[in-house]
There are 2 protein chains.
Amino acid sequence: MNARSDIKEIKNAIRAVGLRATPARVATLRLLRQATSPMTHGEVAAELDENGVDKATAFRNLNDMADAGLLRRAELGDHLYRFEELRDGEGEHDLHPHFLCVDCGSVTCLEEVKLTVGSRKASEQVGEVSEILLRGRCNNCQ
Amino acid sequence: MNARSDIKEIKNAIRAVGLRATPARVATLRLLRQATSPMTHGEVAAELDENGVDKATAFRNLNDMADAGLLRRAELGDHLYRFEELRDGEGEHDLHPHFLCVDCGSVTCLEEVKLTVGSRKASEQVGEVSEILLRGRCNNCQ
DNA sequence: TAGCATATACAATCTAATTGCAAATGCAAA
DNA sequence: TTTGCATTTGCAATTAGATTGTATATGCTA
Ligand SMILES: [Mn+2]
Ligand SMILES: [Mn+2]
Ligand SMILES: [Zn+2]
Ligand SMILES: [Zn+2]
């Protein structure tokens with residue numbers, strides 16, 4: 001509810017995956033929880049810079065938390081990494097798709113998007129699909 | 001049929017989009033026509049390097065031919081650009097999806113993959129989808 | 001609260017991609 | 001065929017995102 005208990009919860013989440021709950025990591029996860037779409041390393045690093053956190057530290061923390069299974073590191077086809085917290089119970093599989101606007105770079109999480117049965121069969125002949133990405137132009141950019 | 005007439009045809013294709021048919025460009029398009037999947041800038045540049053073509057030239061040519069509508073510059077979510085010749089009549093829209101193996105980086109062109117009707121509706125609320133990308137692990141990498 | 005593995009700051013490094021510019025060249029017009 | 005000139009090229013420098021090395025600082029457990 002309040003900021004104090006939020007931070008408690010954030011520290012717990014970080015420790016639960018075997019990492020130390022440092023100020024930089026708490027600030028990172030708090031940022032990502034406030035965000036409505038995945039944030040780039042640059043965006044996260046810029047925010048944490050105001051707290052005196054180095055960008056190498058910011059990036060290492062994002063990668064480490066992703067490796068630990070707390071975050072998802074998404075590559076959306078614009079040569080930037082983006083990070084979002086994994087929903088409770090969302091594993092490496094059943095990751096939700098994203099939409100990236102190639103004009104403005106905005107990202108939308110798409111919970112319900114799926115392939116047709118035929119498409120799923122066709123793609124499974126090639127390999128095991130773990131991620132679906134849509135690209136195009138968002139409504140603001142039409 | 002033979003190499004001679006192939007090269008004629010390649011030169012024609014390059015000139016048809018308003019560009020000069022230089023040796024570097026002919027070699028580039030010939031490479032892409034032989035390839036079975038889109039090639040990265042690095043792959044193209046490495047081949048052309050043997051002909052004494054500079055990588056900046058290779059990249060400029062790939063970008064210029066893509067801007068001219070002769071090639072497609074695809075971003076498949078691994079921070080590399082890949083290039084493939086546009087099929088005859090394949091415009092900016094109706095581009096076929098790709099599958100990228102996150103392990104070995106291999107790419108497969110998927111002609112038939114589509115979204116379910118519901119998914120298409122859901123994604124159109126966000127914007128106009130022009131590209132679909134699947135990521136996962138190919139059969140070789142399971 | 002002491003000990004130590006983990007995490008941090010700061011600087012250096014890596015790779016893909018791009019740019020500036022003078023010299024070279026494709027090609028259309030003469 | 002030759003000429004004129006815009007386009008293209010080679011080469012070197014640069015940019016930007018991401019990563020790494022390392023000495024110091026700190027979270028956390030005992
Ligand atoms: Mn998301
Ligand atoms: Mn393709
Ligand atoms: Zn947009
Ligand atoms: Zn593979």
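To find a chain, count down the sequence lines: A is the first, B the second, and so on, and within it residues start at 1.
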[X] [atom1] to [N] [atom2], straight-line distance once rounded to whole Å:
{"X": "A:Phe59", "N": "D:dG17", "atom1": "CZ", "atom2": "C1'", "result": "7 Å"}
{"X": "A:Met39", "N": "D:dG17", "atom1": "CE", "atom2": "P", "result": "15 Å"}
{"X": "A:Ile14", "N": "D:dG27", "atom1": "CD1", "atom2": "C1'", "result": "12 Å"}

Mind listing the N/O atom pairs, protein and nucleotides 6-10 of chain D, below 3.5 Å?
| unit_1 | atom_1 | unit_2 | atom_2 | d |
| --- | --- | --- | --- | --- |
| D:dA6 | N3 | B:Arg20 | NH2 | 2.9 |
| D:dT7 | O4' | B:Arg20 | NH2 | 3.1 |
| D:dT7 | O2 | B:Arg20 | NH1 | 3.1 |
| D:dT8 | OP1 | B:Arg20 | N | 3.1 |
| D:dT8 | OP1 | B:Arg25 | NH1 | 2.6 |
| D:dT8 | OP1 | B:Arg25 | NH2 | 3.4 |
| D:dT8 | O5' | B:Arg25 | NH2 | 3.3 |
| D:dT9 | OP1 | B:Thr22 | OG1 | 2.7 |
| D:dT9 | OP1 | B:Asn61 | ND2 | 3.4 |
| D:dT9 | OP2 | B:Asn61 | OD1 | 2.7 |
| D:dT9 | OP2 | B:Asn61 | ND2 | 3.2 |
| D:dG10 | OP1 | B:Gly52 | O | 3.2 |
| D:dG10 | OP2 | B:Asp54 | N | 3.1 |
| D:dG10 | OP2 | B:Thr57 | OG1 | 2.8 |
| D:dG10 | O6 | B:Arg60 | NH2 | 2.6 |

Within residues 73-85 of chain B, which residues have any heavy atom lying less than 4.0 Å from an atom of DNA chain D? B:His79

Got a sec, which hydrophobics cluster with B:Val102, joining ILVMFWY side chains under 4.5 Å apart, including via others?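 For B:Val102, no cluster forms, as it stays isolated from other hydrophobic side chains.
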
[X]: partners by side-chain contact (heavy atoms from CB on, under 4.5 Å), with sequence neighbours left out:
{"X": "B:Lys8", "value": "none"}
{"X": "A:Asp78", "value": "A:Leu80, A:Arg82, A:Leu100"}
{"X": "B:Ala16", "value": "none"}
{"X": "A:Ala56", "value": "A:Asp54, A:Arg60"}

Whether A:Glu131 and B:Arg137 form a salt bridge (side-chain N of Lys/Arg under 4.0 Å from carboxylate O of Asp/Glu) is what I want to check.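 Here B:Arg137 does not pair with A:Glu131 in a salt bridge, since their nearest N and O are not under 4.0 Å apart.
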
Pairing residues for B:Ser119 by the side-chain hydrogen bond (donor to acceptor under 3.5 Å, both in side chains) criterion, not counting sequence neighbours: B:Thr116

Compute the bend angle of the helix from C:dT1-D:dA30 to C:dA30-D:dT1 from the end axes (five pairs per end), rounded to 10°. 40°

Give me each pair satisfying ring pair (Phe, Tyr, Trp, His ring centres under 6.0 Å) with a member in residues 15-43 of chain A, each pair once, sequence neighbours excluded.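 Applying ring pair (Phe, Tyr, Trp, His ring centres under 6.0 Å) to every pair that reaches into residues 15-43 of chain A, excluding sequence neighbours, yields A:His41-A:Phe59.
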
So do the side chains of A:Lys11 and A:Glu9 get within less than 4.5 Å of each other, counting heavy atoms only? no

Mind checking which nucleotides bracket the chain B contacts on DNA chain C, 5' to 3', with an atom under 4.0 Å from a heavy atom?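 Counting from the 5' end, contacts occupy C:dA16 to C:dC27.
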
Is the distance from OP1 or OP2 of D:dA18 to the nearest side-chain N or O of A:Asn63 less than 4.0 Å?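 For D:dA18, OP1/OP2 do not have a side-chain N/O of A:Asn63 under 4.0 Å.
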
Heavy-atom pair of closest approach, residues B:Tyr81 and A:His79: CZ-CE1, 3.2 Å

Donor-acceptor pair between A:His98 and A:Glu75 side chains, under 3.5 angstrom: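 No, A:Glu75 and A:His98 have no side-chain donor paired with an acceptor closer than 3.5 Å.
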
Could you go through the salt bridge (Lys or Arg N to Asp or Glu O under 4.0 Å) check for B:Arg87 and B:Glu111 one step at a time? CA-CA 11 Å; B:Arg87 318 282 162 104; B:Glu111 302 299 334; 2.9 Å; yes

Suppose we screen for salt bridge (charged side-chain N to carboxylate O under 4.0 Å, His left out). Which residues come up paired with B:Glu47, at least two apart in sequence or across chains? none

